[in-house]
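FYI, side chains are in, hydrogens and waters are out, and symmetry mates aren't considered; it's all heavy atoms of this structure.
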Amino acid sequence: MPAPQTTVRPPQLTVAAALAAVEGLVAFAYGVVEIGQVRIFRAVVGVGVSITMIAFAVLLLVAARALLRLRRWARGPVVAIQLILLPVGWSFRGGTTTGVAVAMIAVAAITLVTVLHPRSTRALVAEPEPGDGS
């Protein structure tokens with residue numbers, strides 16, 4: 001009986017997972033900070049933003065961990081989030097938020113390139129070789 005084929009995680013996928021985790025941690029921190037900013041006259045908005053950002057962070061952190069574990073499903077949410085972050089980052093350009101725009105766009109672009117890299121794709125969609133009995 002042949003030994004099961006193991007797939008090695010390429011460095012590109014490790015970079016994508018790390019960047020997604022960083023984005024998740026930043027989103028979580030923002031959600032927690034927003035909780036402290038809730039005021040009675042905008043309680044619904046403040047609580048809504050907090051819950052949304054924390055849920056967004058959890059999704060990113062879970063997907064980043066799944067990428068490290070070579071779970072195929074994780075690529076979809078990571079790609080979708082990066083495609084959302086690109087125009088959000090673009091909206092921050094100009095004035096004092098230009099640095100935020102550059103950081104968001106750079107991280108989103110690097111994450112997209114690394115998660116969609118052919119080596120990452122091969123690792124995530126590692127199909128059994130024809131004739132191996134699977």
Do L70 and V115 sit in the same hydrophobic cluster, where Ile, Leu, Val, Met, Phe, Trp and Tyr count as joined when their side-chain heavy atoms come under 4.5 Å apart?
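Same hydrophobic cluster.
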Same apolar cluster: L13 and V79, side chain cutoff 4.5 Å:
yes
Quick one: side chains of residues 44-64, donor-acceptor pairs under 3.5 Å with protein atoms, not counting sequence neighbours, listed by atom name and distance.
| from | atom 1 | to | atom 2 | distance (Å) |
| --- | --- | --- | --- | --- |
| S50 | OG | G31 | O | 3.4 |
| S50 | OG | I35 | N | 3.2 |
| S50 | OG | G46 | O | 2.9 |
| T52 | OG1 | G48 | O | 2.8 |

On a heavy-atom basis, the closest approach of R75 and L67 is N-CD2, 4.1 Å
Scanning both residues in full, the closest heavy-atom pair of R69 with R71 reads O-NH1, 3.0 Å
Side-chain heavy-atom pair S120, R9 within 4.5 angstrom cut-off
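SC-SC contact between S120 and R9 ruled out.
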Can you list, pair by pair, the side-chain donor-acceptor contacts under 3.5 Å of residues 98-113, counting residues two or more places apart and other chains?
| from | atom 1 | to | atom 2 | distance (Å) |
| --- | --- | --- | --- | --- |
| T98 | OG1 | G94 | N | 2.9 |
| T98 | OG1 | G95 | O | 3.1 |
| T111 | OG1 | V107 | O | 2.7 |

At what distance, to the nearest 0.5 angstrom, does [atom1] of [X] lie from [atom2] of [Y]?
X   : Y    : atom1 : atom2 : result
E23 : L25  : CD    : CG    : 10.5 Å
I81 : L86  : CD1   : CG    : 12.5 Å
Q82 : L116 : CD    : CG    : 9.5 Å
L85 : F92  : CG    : CZ    : 10.0 Å

Side chain to side chain donor-acceptor pair (under 3.5 Å) partners of Q12, counting only residues at least two apart
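Residues passing side chain to side chain donor-acceptor pair (under 3.5 Å) with Q12: none at all.
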